[in-house]
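Here's the structure, in structure tokens; my notes come after.
Scope of the values below: all heavy atoms of this structure, side chains included, with no hydrogens, waters or symmetry mates. All residue numbers refer to positions in the sequence shown, counting from 1. Just so we're clear, the structure is a prediction, and the values are computed from it rather than from any experiment.
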Amino acid sequence: MISVQEALQILQDNIPPARRAIVPLEAAYGNFLYEDQIAPEPSPRYTNSAMDGFAVRWADCAHATREHPVALELIGESQAGIPFDGLVRGGLAVRISTGAVLPDGADTVIRQEDTRETGDRVEILAIQALGQDVRRQGEEFHAGDLLLARGTRLAARELALLAAFGICLVPVHVQPQVALLVTGTELARPDDQQIKPHQIRDSNSIMLASAVRDAGAILRSIVRVSDSPEETIVAIEQAVAADVDVILCSGGVSVGQHDHVKEGALTAGFTELFWKISQKPGKPLLACRQGNTLLFGLPGNPVSAFMCFSNYVRPVLATLQGTSSVSRTLTARSPERVANTGKRTNFIRVTVEEHPNELAVIREMARQGSHMLSSIVHADGYIVLEPGEVLEANGLIEVVLF
Ligand SMILES: Nc1nc2c(c(=O)[nH]1)N[C@H]1C(S)=C(S)[C@@H](COP(=O)(O)OP(=O)(O)OC[C@H]3O[C@@H](n4cnc5c(N)ncnc54)[C@H](O)[C@@H]3O)O[C@H]1N2
Ligand code: MOO
């Protein structure tokens with residue numbers, strides 16, 4: 001058996017390069033940029049008004065007050081999308097809407113509330129400063145400025161920025177594609193009304209499918225097979241033919257007569273990277289590689305499957321999409337003593353209580369069984385203790401949050 005660190009290192013050394021593509025903006029959601037994005041033009045694109053009101057010359061009305069208004073002749077309008085085609089000379093004003101081009105000659109906008117219209121004239125009742133309520137061309141970005149750095153994840157705000165600059169083809173790392181293969185003769189679908197007394201419901205399918213989505217990857221397929229070597233081999237070969245990046249198998253990875261994932265993977269042409277890690281839960285985790293495809297044999301026990309996904313698969317899926325940001329951690333205090341009395345690295349599930357301006361407090365889940373979903377559902381994260389390691393009462397430790 002290898003250690004947790006050794007397993008992580010082997011995986012790091014075997015992650016294929018993240019796939020790249022230039023995709024339309026509409027298809028880029030959730031992807032990470034592989035190149036900096038540079039402003040092709042200034043923003044704002046043109047000098048425009050921040051308010052509905054009147055475009056004027058500062059010099060005409062610098063001293064205007066409600067007691068001593070300044071009257072200007074209204075000569076036209078600059079509407080958003082329909083600019084004024086003329087020059088604002090001394091003594092003149094142009095009606096302007098928010099976002100409309102500031103007409104030539106004007107340098108200041110008076111908002112509507114500070115004016116009074118009288119026929120073809122507008123009285124300026126108040127003014128604060130030269131250039132007020134004018135949004136200058138390039139005041140946010142000049143052409144050539146950095147908009148988004150490589151490695152940025154593209155979501156609502158980032159996509160809006162690219163759209164605003166007309167960047168419609170985006171260089172991204174493609175989200176990795178995953179095929180899920182769930183093995184187990186004892187499995188029934190969750191909605192099976194005829195479930196037999198010797199069957200259990202397949203909870204790993206939806207758990208892993210959701211975890212794949214949470215990890216930013218794309219689930220291409222879910223195939224369920226019984227504990228049959230032939231079915232397992234065929235299903236693995238089909239996943240390889242579909243050219244996915246990662247094949248995730250659930251169950252059938254231990255040493256029993258009916259565990260066929262390892263032999264299935266090797267028969268389908270995979271090379272073993274490792275099998276069995278000195279850890280609890282998730283000891284029999286299998287990792288294999290064939291070309292640029294990785295295969296994981298996750299243990300069937302639901303908690304083991306989830307913890308192996310969190311520790312090993314999730315970081316791989318992150319690297320495959322061009323990022324290393326995976327899990328959030330925090331330093332917390334344990335009021336109780338926690339010990340690893342076993343021989344394997346122990347991923348101990350804990351609840352986390354957070355209080356403002358205080359260290360978070362963790363409590364070990366009373367039940368840690370790898371068949372007990374409550375140990376992950378009601379936990380907030382986990383701590384890692386090596387064999388023989390003791391966290392004394394009130395000791396501090398890093399918690400990995402789910
Ligand atoms: N003789 C030994 N037996 C076992 C060892 C060992 O070292 N020597 N390791 C144990 C450990 S640790 C684990 S973890 C499990 C892993 O076993 P498998 O990966 O072969 O998984 P299965 O036997 O297929 O299933 C284990 C358990 O999980 C349930 N299961 C399976 N699939 C699902 C699913 N889709 N949804 C919900 N539950 C599932 C299954 O019914 C079993 O109860 O091996 C130990 N044995
Ligand atoms: O590794 Mo198993 O996950 O201890 O039950």
Side-chain angles (χ1 to χ4, degrees), residues 1-2 4 7-8 10-11 14-15 176-187 200-215 217 219-227 231-232 235-236 239-240 244-256 258-266 268 270 272-290 293-318 320 326-327 344-345 347 349 369-373 375-377 382 400 402:
M1 270 196 287
I2 60 171
V4 170
L8 288 170
I10 293 172
L11 281 178
N14 279 281
I15 301 178
Q177 305 214 347
V178 178
L180 192 51
L181 169 58
V182 177
T183 71
T185 303
E186 75 279 33
L187 300 179
I200 61 154
R201 293 187 187 85
D202 167 18
S203 55
N204 284 357
S205 285
I206 195 150
M207 176 179 73
L208 294 170
S210 308
V212 164
R213 277 172 56 184
D214 283 350
L219 183 72
R220 279 278 298 279
S221 58
I222 305 184
V223 173
R224 297 173 184 84
V225 298
S226 62
D227 292 316
E231 285 184 33
T232 306
I236 292 176
V240 172
V244 292
D245 301 284
V246 173
I247 302 173
L248 275 190
C249 306
S250 150
V253 81
S254 187
V255 294
H258 305 289
D259 294 332
H260 302 299
V261 166
K262 185 171 174 239
E263 61 180 279
L266 299 184
F270 280 86
E272 180 185 321
L273 297 177
F274 59 76
W275 180 44
K276 293 185 182 170
I277 304 173
S278 178
Q279 63 178 7
K280 190 176 170 198
K283 182 177 70 175
L285 178 66
L286 168 75
C288 298
R289 179 177 182 173
Q290 181 180 174
T293 306
L294 292 174
L295 179 147
F296 290 92
L298 303 174
N301 279 318
V303 174
S304 313
F306 184 78
M307 294 302 288
C308 285
F309 184 93
S310 301
N311 271 294
Y312 302 96
V313 183
R314 202 165 49 149
V316 165
L317 292 176
L320 280 174
V326 201
S327 46
R344 297 181 260 161
T345 303
F347 295 94
R349 275 80 69 207
S370 60
H371 58 301
M372 294 177 170
L373 274 172
S375 83
I376 47 175
V377 171
Y382 57 92
V400 184
F402 284 138

Among all residues two or more places apart in sequence or in another chain, which pass the side chain to side chain contact (heavy atoms under 4.5 Å, CB included) test with [X]?
X: D214; result: none
X: A239; result: A179, I247
X: D202; result: V182, L187, N204, S205, R224
X: S226; result: T185, S228, E231

Only counting residues at least two apart or in another chain, list the ones meeting side chain to side chain donor-acceptor pair (under 3.5 Å) with [X].
X: S254; answer: none
X: E263; answer: H260
X: T183; answer: none
X: S370; answer: N301

Does a side-chain heavy-atom distance below 4.5 Å link L273 with F296?
no

Quick check: closest heavy atoms across V255 and K276, and the distance to 0.1 Å?
CG1-NZ, 3.6 Å

Evaluation steps, side-chain contact (heavy atoms from CB on, under 4.5 Å), between L320 and I15:
CA-CA 7 Å; L320 280 174; I15 301 178; 3.8 Å; yes

Looking at [atom1] of [X] and [atom2] of [Y], how far apart are the two atoms once the value is rounded to the nearest 0.5 Å?
X: S250; Y: L181; atom1: OG; atom2: CG; answer: 8.0 Å
X: K280; Y: T345; atom1: NZ; atom2: OG1; answer: 12.0 Å
X: I2; Y: L8; atom1: CD1; atom2: CG; answer: 9.0 Å
X: T293; Y: F270; atom1: OG1; atom2: CZ; answer: 5.5 Å
X: L11; Y: L285; atom1: CG; atom2: CG; answer: 7.5 Å

Please name all residues satisfying salt bridge (Lys or Arg N to Asp or Glu O under 4.0 Å) with K262, sequence neighbours left out, ordered by chain then number.
E272

Results of salt bridge (Lys or Arg N to Asp or Glu O under 4.0 Å) for D227 - residues two or more places apart only
none

Quick one: does any side-chain atom of W275 pair with a main-chain N or O of C288 as donor and acceptor, under 3.5 Å?
no

Between R289 (side chain) and N14 (backbone), is there a donor-acceptor pair under 3.5 Å?
yes

Tell me which donor-acceptor pairs under 3.5 Å the side chains of residues 302-318 have, and how far apart each pair is, sequence neighbours excluded?
| unit_1 | atom_1 | unit_2 | atom_2 | d |
| --- | --- | --- | --- | --- |
| S310 | OG | F306 | O | 3.0 |
| N311 | OD1 | Y382 | OH | 3.2 |
| N311 | ND2 | M307 | O | 3.2 |
| Y312 | OH | Q279 | OE1 | 2.5 |

Can you establish whether the number of heavy atoms outside I206 located under 6.0 Å from its atom CD1 is more than 12?
no

